[in-house]
**Student:** 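My questions all concern the structure below.
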Amino acid sequence: MAEMPQPPNVGAHLRTVAMPCDANASGDIFGGWTLSQMDLAGGTFAAAHSSRRVVTSRIQEVEFLRPVKVGDDVSVFCSLRDEGRTSLTVALEVWARERTGPEMHKVTEGCFTYVAVDDQGTPQPIGS
């Protein structure tokens, strides 16, 4: 039997519960809600890594693999994919677990790019 995929072996950078107000008429969570959770987690990860304020500059390679349902326990995992002079690209995986179930399954994955900025929004070097 094929081995079941497992979530990353790190703590989630964001964990929340999908609520009815975030769902469409069929009970599936809106993709935009999932994207916003990814951006919250990725932005927090990028800010901590760069020690700077960051802004989202690009969302790429997003793939919705399975629907998220109302009541699912949703976790977003982040890892650094690339670092430039002023920007970071963060790989994100979203995993969901039915509220009463033991198994998690990957529902969305993608990459977001963040730019480190000063208080005026001017790009700043990372690590300075």
Side-chain angles (χ1 to χ4, degrees):
M1 177 155 59
E3 189 174 319
M4 291 292 294
Q6 296 294 312
N9 193 17
V10 296
H13 292 92
L14 182 140
R15 186 171 173 193
T16 189
V17 175
M19 299 301 286
C21 63
D22 303 312
N24 61 27
S26 299
D28 296 326
I29 298 301
F30 289 116
W33 179 87
T34 303
L35 287 173
S36 70
Q37 302 310 302
M38 294 170 78
D39 198 19
L40 285 167
T44 300
F45 177 88
H49 183 82
S50 68
S51 299
R52 291 202 171 269
R53 176 181 167 218
V54 297
V55 294
T56 308
S57 68
R58 184 175 182 202
I59 297 174
Q60 68 265 21
E61 301 177 32
V62 173
E63 184 174 3
F64 296 95
L65 306 168
R66 296 174 69 163
V68 176
K69 300 290 188 186
V70 170
D72 282 358
D73 180 344
V74 178
S75 299
V76 183
F77 298 88
C78 303
S79 61
L80 183 64
R81 179 182 252 191
D82 190 33
E83 182 176 334
R85 191 174 80 77
T86 62
S87 66
L88 302 165
T89 300
V90 178
L92 299 112
E93 293 184 7
V94 182
W95 289 72
R97 179 184 62 80
E98 288 183 24
R99 195 161 184 84
T100 58
E103 292 184 20
M104 294 180 74
H105 50 275
K106 191 188 309 186
V107 294
T108 309
E109 61 187 2
C111 289
F112 288 34
T113 300
Y114 299 89
V115 174
V117 297
D118 61 17
D119 290 339
Q120 289 72 45
T122 305
Q124 297 295 305
I126 294 170
S128 62

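Keep in mind that the numbers below use all heavy atoms, side chains included, and drop hydrogens, waters and symmetry copies. On a predicted model such as this, the values are computed, not experimentally measured, just so you know.
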**Student:** Rounded to the nearest 0.5 Å, how far does CZ of Arg81 lie from CD of Glu61?
**Tutor:**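 Spacing of CD (Glu61) from CZ (Arg81) equals 4.5 Å.
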**Student:** Quick check on the hydrophobic clustering: are Leu80 and Val54 connected, directly or via other members, by side-chain heavy-atom contacts under 4.5 Å?
**Tutor:**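 Leu80 and Val54: one cluster.
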**Student:** Going hydrophobic residue to hydrophobic residue with side-chain gaps under 4.5 angstrom, can you get from Leu92 over to Leu65?
**Tutor:**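 No, because Leu92 and Leu65 fall into different hydrophobic clusters, even though each may have its own neighbours under 4.5 Å.
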**Student:** What are the two closest heavy atoms between Arg53 and Gly121, and how far apart are they?
**Tutor:**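 Minimum heavy-atom contact is NH1-N, 4.1 Å.
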**Student:** Closest approach of Met38 and Gly110, non-hydrogen atoms and distance?
**Tutor:**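 Looking at all heavy atoms of both residues, the shortest contact is CE-N, 3.9 Å.
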**Student:** So do the side chains of His13 and Val76 get within less than 4.5 Å of each other, counting heavy atoms only?
**Tutor:**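 They are not in side-chain contact.
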**Student:** Between Leu14 and Met19, is there shared hydrophobic-cluster membership here, with clusters defined by ILVMFWY side-chain heavy atoms closer than 4.5 Å?
**Tutor:**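 Cluster IDs for Leu14 and Met19 differ.
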**Student:** Work out which heavy atom in Ser50 is nearest to a heavy atom in Leu88; give both atom names and the distance.
**Tutor:**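 Taking Ser50 first and Leu88 second, the nearest heavy atoms are CB-CD1, 4.0 Å.
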**Student:** Where the side chain of Ser26 meets the backbone of Asp28, is there a donor-acceptor pair that is under 3.5 Å apart?
**Tutor:**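 No; judged by distance alone, with no hydrogens or angles, the pair does not exist.
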**Student:** What heavy-atom pair brings Pro125 and Arg52 nearest, and what distance separates the two atoms?
**Tutor:**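 That closest heavy-atom pairing would be O-NE, 3.0 Å.
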**Student:** Any chain of hydrophobic side-chain contacts (each under 4.5 Å) joining Phe112 to Val55?
**Tutor:**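 Different clusters: Phe112 never reaches Val55 through Ile, Leu, Val, Met, Phe, Trp or Tyr contacts under 4.5 Å.
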**Student:** Heavy atoms, side chains only, cut-off 4.5 Å: are Val94 and Phe64 in contact?
**Tutor:**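 Counting from C-beta outward, Val94 and Phe64 never come under 4.5 Å.
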**Student:** Give me the atom names and distance for the closest heavy-atom approach of Cys111 to Ala91.
**Tutor:**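 In this case the closest contact between Cys111 and Ala91 is SG-CA, 4.0 Å.
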**Student:** Could you check if a side-chain atom of Leu35 sits within less than 4.5 angstrom of a side-chain atom of Phe30, using non-hydrogen atoms only?
**Tutor:**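 Counting from C-beta outward, Leu35 and Phe30 never come under 4.5 Å.
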**Student:** Quick one: does any side-chain atom of Arg97 pair with a main-chain N or O of Arg99 as donor and acceptor, under 3.5 Å?
**Tutor:**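 Yes, Arg97 side chain to Arg99 backbone: donor-acceptor pair under 3.5 Å.
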**Student:** With Asp72, which residues qualify under side chain to side chain contact (heavy atoms under 4.5 Å, CB included), at least two apart?
**Tutor:**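 Side chain to side chain contact (heavy atoms under 4.5 Å, CB included) check on Asp72 returns Val68, Lys69, Val74, Ala96, Glu98.
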**Student:** Once you round to the nearest 0.5 Å, how far does CD1 of Ile29 lie from CD of Gln37?
**Tutor:**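 Here the rounded value is 10.0 Å.
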**Student:** Can you check whether Glu83 reaches Ile126 side chain to side chain, under 4.5 Å on heavy atoms?
**Tutor:**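 Yes, at least one pair of side-chain atoms sits under 4.5 Å.
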**Student:** Check for me, please, whether Val117 and Phe45 land in the same ILVMFWY cluster - side-chain distances under 4.5 Å, paths through other members count.
**Tutor:**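 No, Val117 does not connect to Phe45 through the hydrophobic network.
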**Student:** Among Thr89, Asp39, Thr56, Thr86, exactly one meets side chain to side chain donor-acceptor pair (under 3.5 Å) together with Tyr114. Which residue is that?
**Tutor:**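 In the set Thr89, Asp39, Thr56, Thr86, the residue that makes a side chain to side chain donor-acceptor pair (under 3.5 Å) with Tyr114 is Asp39.
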**Student:** Within the distance-only criterion (no hydrogens, no angle test), does the side chain of Thr122 pair as donor or acceptor with the backbone N or O of Asp118 below 3.5 angstrom?
**Tutor:**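 No; zero donor-acceptor contacts below 3.5 Å.
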